[in-house]
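So that the names make sense, note that chain A is the first sequence line, chain B the second, and so on, each numbered from 1.
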Number of protein chains: 2
Amino acid sequence: MQSGKSHLRSPGDILQCLRIAGLRPTRQRVALARLLFGGDFRHITAEGLHGEAAGHGTHVSLATVYNTLHQFTAAGLLQEVVVDAGRSYFDTNVADHHHFFYEDSGRLEDISGQAVTISALPAPPDGAQIARIDVVIRLRGRPSEA
Amino acid sequence: MQSGKSHLRSPGDILQCLRIAGLRPTRQRVALARLLFGGDFRHITAEGLHGEAAGHGTHVSLATVYNTLHQFTAAGLLQEVVVDAGRSYFDTNVADHHHFFYEDSGRLEDISGQAVTISALPAPPDGAQIARIDVVIRLRGRPSEA
DNA sequence: GTGATTGCAAATCTTTTGCACTAAA
DNA sequence: TTTAGTGCAAAAGATTTGCAATCAC
């Protein structure tokens, strides 16, 4: 599995990222980007990020959190991880990798792309092309504390 | 990928299945089981099954469809497939297998377990055990017609 | 200024729940 | 009968949308 290698971005980097993505560095977007990209890789839900922002004294409406998460995802700064119907997780690790999912706790943990080798793979049907391969290892039992 | 091998169950088989699962063979459950298990393997949503039942002249409330899908899943007659946040698919193929997911159309297609070989796999952390491994190959472009 | 962005509240969508009613055993 | 199962309508979550107010440039 992947140690939560940091992708620390300085305040300047964050502004850069947003500008390159064509997103105005508004107060809200910068605040959310700091929370998301300021430290280790993380998996977070809209609700979770919203709460976290509030905890840091930044008021951002939930609708804006949703908008921002989708804009960041479209810009390639985030990746959406689908492991739970009815709840979207966003992953700050956009490298090729996979996940452990603790079904009991809802916790998500990265597995580096190299740690999983898929040696046989069916060809994608006719004109379709592979956008991504997601491997989710669903776990039961004692989740390692986060 | 997996040809939709049928698991045709005769009316008698269906009653058997339900009884073994400890589920009373009510009119609604039998009707839904026929739609689900009467032919090829399929991937269906609650809403979809509800509509299909209505199309066959069987009235079943949506709440009952949800209840039934979950009961069938708990009984091992169905498997839930999570590929789309905010919508649950149920798969009548409960064998070990994986999926192609056409992101454009939402179509889901089986890949037999043997067609995908995962040769390296990280050990599950500490006391956790692997409940299931899901491989989803997300596709873009021309979906083969169903 | 001007157009992009935000906040709020309402709307939407999927799924669950409470409870009186119905049906299987 | 007796208890499981069903239907309905309301509730619960997660997410989206419409639109006036606000902010970045």
Side-chain angles (χ1 to χ4, degrees), chain A residues 11-12 14-35 43-54 57-75 77-78 80-90 106 108, chain B residues 11-12 14-35 43-54 57-75 77-78 80-90 106 108:
Chain A
I14 286 177
L15 290 203
Q16 269 302 304
C17 281
L18 294 179
R19 287 231 163 72
I20 289 169
L23 299 169
R24 285 189 184 172
T26 62
R27 192 191 101 250
Q28 292 86 338
R29 294 211 268 236
V30 171
L32 296 178
R34 272 201 191 115
L35 291 172
H43 306 96
I44 200 166
T45 62
E47 195 73 52
L49 183 57
H50 182 246
E52 201 169 296
T58 309
H59 173 81
V60 183
S61 81
L62 187 54
T64 296
V65 172
Y66 274 104
N67 286 337
T68 303
L69 287 172
H70 287 141
Q71 291 155 350
F72 285 7
T73 300
L77 298 173
L78 290 176
E80 195 172 349
V81 182
V82 180
V83 282
D84 185 357
R87 189 186 232 69
S88 281
Y89 287 79
F90 292 85
L108 211 45
Chain B
I14 286 178
L15 291 203
Q16 269 302 305
C17 280
L18 295 179
R19 287 232 163 72
I20 290 169
L23 299 169
R24 284 188 186 174
T26 62
R27 193 190 102 254
Q28 293 84 339
R29 294 211 269 235
V30 171
L32 295 178
R34 274 202 188 114
L35 291 172
H43 306 96
I44 199 165
T45 62
E47 195 73 49
L49 183 58
H50 183 245
E52 201 168 296
T58 309
H59 173 81
V60 183
S61 80
L62 188 53
T64 296
V65 172
Y66 274 104
N67 286 337
T68 302
L69 287 172
H70 288 141
Q71 291 155 350
F72 284 7
T73 300
L77 298 173
L78 291 176
E80 196 172 349
V81 182
V82 181
V83 282
D84 185 357
R87 188 185 232 68
S88 281
Y89 287 79
F90 292 86
L108 212 45

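Mapping Arg27(B) and Ala46(B) onto DNA chain C by nearest heavy atom places Ala46(B) closer to the 5' end of the strand.
For Ile20(A), the side-chain contact (heavy atoms from CB on, under 4.5 Å) criterion is met by Gln16(A), not counting sequence neighbours. For Glu47(B), the side chain to side chain donor-acceptor pair (under 3.5 Å) criterion is met by no residue, not counting sequence neighbours. Considering only residues two or more places apart in sequence or on other chains, Thr45(B) meets the side chain to side chain donor-acceptor pair (under 3.5 Å) condition with none of them. Legend: residues meeting side chain to side chain donor-acceptor pair (under 3.5 Å) with Thr64(B), ordered by chain and number and at least two apart, are Ser61(B). For Ala75(A), the side-chain contact (heavy atoms from CB on, under 4.5 Å) partners two or more places apart in sequence, or in a different chain, are Ala21(A), Leu77(A). Remark: Glu52(A) pairs with Leu35(A), Arg42(A), Ile44(A), His56(A) by the side-chain contact (heavy atoms from CB on, under 4.5 Å) rule, at least two apart or across chains.
Closest approach of Ala46(B) and Leu69(B) over heavy atoms only: CA-CD1, 3.6 Å. Residues Ala53(A) and Leu32(A) share a closest heavy-atom pair of CB-CD2, 4.1 Å. Between Ala31(B) and Thr58(B), the shortest heavy-atom distance links the atoms CB-CG2, 3.7 Å.
Interface residues of residues 19-26 of chain A facing DNA chain C, ordered by number: Arg24(A), Thr26(A); criterion, heavy-atom separation under 4.0 Å. Listed in residue order, the members of residues 63-71 of chain B having a heavy atom less than 4.0 Å from DNA chain D are Ala63(B), Thr64(B).
Side-chain contact between Val83(A) and Val82(B) is absent, with no heavy atoms from C-beta onward closer than 4.5 Å.
With a heavy-atom cut-off of 4.0 Å to chain A, the contacted part of DNA chain D has its first and last nucleotide at dA14(D) to dC25(D). Here chain A contacts DNA chain C (any atom closer than 4.0 Å to a heavy atom, that is under 4.0 Å), and the contacts span dG3(C) to dC8(C) from 5' to 3'.
The side-chain hydrogen bond (donor to acceptor under 3.5 Å, both in side chains) pairs that include a residue from residues 65-74 of chain B are Arg29(B)-Gln71(B), where partners are two or more places apart or lie in different chains.
The line from NE2 of His43(B) to CD of Glu80(B) is 13.0 Å long, rounded to the nearest 0.5 Å.
Looking at heavy-atom distances under 4.0 Å, Thr45(B) makes no contact with the nucleic acid at all.
Each end of the helix from dG1(C)-dC25(D) to dA25(C)-dT1(D) gets its own rotation axis from five pairs of C1' atoms, and the angle between them is 30° to the nearest 10 degrees.
Counting only distance, with no hydrogens or angles, the side chain of Tyr89(B) and the backbone of Gly106(B) share a donor-acceptor pair below 3.5 Å.
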